Amino acid sequence: MSDCLFCKISDGEISGDIVHQNDSVLAFNDINPQAPHHVLIIPRKHIPTTNDISDDDRDVLGEMYLAAKQIAAERGIADGGYRTVFNCNSDAGQKVYHIHLHLLGGRKMGWPPG
Ligand code: AMP
Ligand code: ZN
C-alpha cells in the first residue's frame with residue numbers, strides 16, 4: 001500500500017529504529033513508547049486489521065509471535081513477563097491500519113487495560 005506508514009518503514013522509504021527483521025516480518029521500537037520496552041512487530045505484507053487476517057497468513061502470524069518471544073528473551077524480560085497486544089479498529093484505539101503486534105515490557109502492567 002503506497003500510503004501506508006508501516007509499509008513505508010518495511011520498504012525502507014521511511015526510517016524506523018529496526019530491532020529484528022526477516023523476509024516476512026519486521027520489528028522496530030515504538031516512536032512513543034508506553035513502557036521501558038515497546039516494540040512493534042509487523043508483517044511485511046499489508047494487512048489493515050486483524051479482521052483481515054486470512055488462512056494464507058497463518059505462517060506470518062506465527063513469525064510475528066516468534067519474533068516477539070525472541071526480542072523479549074534478548075531484552076531479559078521474558079521471565080519477568082511482558083504483554084503482546086493487537087488493537088483492532090477504533091474502539092481499541094487502532095491508529096495505524098497495518099496490523100502490528102505491540103510488545104510491551106519492563107514495568108508492571110495493569111489489568112484490565114483501559
Ligand atoms: P495503534 O494505536 O495500535 O495503531 O498503535 C500505533 C503505534 O504506532 C503507536 O504506539 C505509535 O506510537 C506508533 N507509531 C506511529 N508512528 C510510528 C513511527 N513512525 N515509528 C514507530 N512507531 C510509530
Ligand atoms: Zn501497510
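As the structure lists them, so they are numbered: ligands from 1, and atoms in each ligand from 1. This one's a predicted model, so the numbers in the text were calculated from it and none came from an experiment.
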Engineer: Which ligand 1 atoms does K95 reach within 4.0 Å, using its non-hydrogen atoms?
Structural biologist: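 By the 4.0 Å cutoff, the relevant atoms are 1 (P), 2 (O), 4 (O).
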
Engineer: Please report whether ligand 1 has a polar contact with Q94, defined as an N or O pair separated by less than 3.5 Å (distance criterion only).
Structural biologist: no

Engineer: Judged by modelled atom types alone, do S24 and N22 share a side-chain donor-acceptor pair under 3.5 Å?
Structural biologist: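 Yes, side-chain donor-acceptor contact under 3.5 Å.
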
Engineer: Is there side-chain contact between R75 and L103, with heavy atoms separated by less than 4.5 Å?
Structural biologist: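 Heavy-atom side-chain distance check fails, nothing below 4.5 Å.
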
Engineer: Relative to each other, are the rings of H38 and H102 parallel, tilted or perpendicular (30° and 60° limits)?
Structural biologist: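 Because their plane-to-plane angle lies in the 30° to 60° range, the rings of H38 and H102 count as tilted.
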
Engineer: Heavy-atom distances under 4.0 Å are what count here, so tell me which part of H102 touches ligand 1: side chain, backbone, both or neither.
Structural biologist: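 The answer is the side chain.
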
Engineer: Is H100 close enough to touch ligand 1? Criterion: a residue heavy atom under 4.0 Å from a ligand atom.
Structural biologist: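 Right, H100 reaches ligand 1.
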
Engineer: For ligand 1, note which part of N32 has a heavy atom under 4.0 Å away: side chain, backbone, both or neither.
Structural biologist: both

Engineer: Does G93 come within less than 4.0 angstrom of ligand 1, counting non-hydrogen atoms of the residue?
Structural biologist: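 Checking ligand 1 against G93, which is what was asked, there is a heavy-atom contact under 4.0 Å.
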
Engineer: Need the atom name: nearest N/O/S atom of H98 to the Zn ion (ligand 2).
Structural biologist: ND1

Engineer: Measuring from atom CD1 of I71 to atom OH of Y82, what distance do you get when rounded to the nearest 0.5 angstrom?
Structural biologist: 10.0 Å

Engineer: Side chain or backbone, does I31 bring an N or O within less than 3.5 Å of an N or O on ligand 1?
Structural biologist: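 I31 vs ligand 1: N/O contact under 3.5 Å present.
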
Engineer: With heavy atoms under 4.0 Å as the rule, classify the contact between L5 and ligand 1 as side chain, backbone, both or neither.
Structural biologist: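 For L5, only side-chain atoms sit under 4.0 Å from ligand 1.
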
Engineer: Does N29 come within less than 4.0 angstrom of ligand 1, counting non-hydrogen atoms of the residue?
Structural biologist: yes

Engineer: Is there a side-chain contact between H37 and R107 (heavy atoms, below 4.5 Å)?
Structural biologist: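 Contact flag for H37/R107 side chains = no.
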
Engineer: Rounded to the nearest 10°, what angle sits at the Zn ion (ligand 2) between ND1 of H46 and SG of C4?
Structural biologist: 110°

Engineer: Would I99 and L101 count as a side chain to side chain contact (heavy atoms under 4.5 Å, CB included) here? Give the steps.
Structural biologist: CA-CA 7 Å; I99 62 166; L101 184 62; over 6 Å; no

Engineer: Between the side chain of E13 and the main-chain N/O of L5, is any donor-acceptor distance below 3.5 Å?
Structural biologist: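 Pair absent, no side-chain N/O of E13 close to backbone of L5.
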
Engineer: Heavy-atom contact check, 4.0 Å cutoff: does F6 meet ligand 1?
Structural biologist: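 F6 counts as a contact of ligand 1 under the 4.0 Å cut-off.
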
Engineer: Considering non-hydrogen atoms of the protein only, which is the closest contact for atom 12 (O) of ligand 1, and what is the distance?
Structural biologist: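 So the nearest neighbour among protein heavy atoms is D30 OD1, 2.5 Å.
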
Engineer: Under 3.5 Å, side chain of Q70 to main-chain N/O of A72, donor-acceptor pair present?
Structural biologist: no

Engineer: Is there at least one pair of N or O atoms, one from V96 and one from ligand 1, spaced under 3.5 Å apart?
Structural biologist: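 There is such a contact, yes.
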
Engineer: Within the structure provided, determine whether L26 and F6 are in side-chain contact (heavy-atom separation under 4.5 Å).
Structural biologist: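 No - every pair of side-chain heavy atoms lies 4.5 Å or more apart.
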
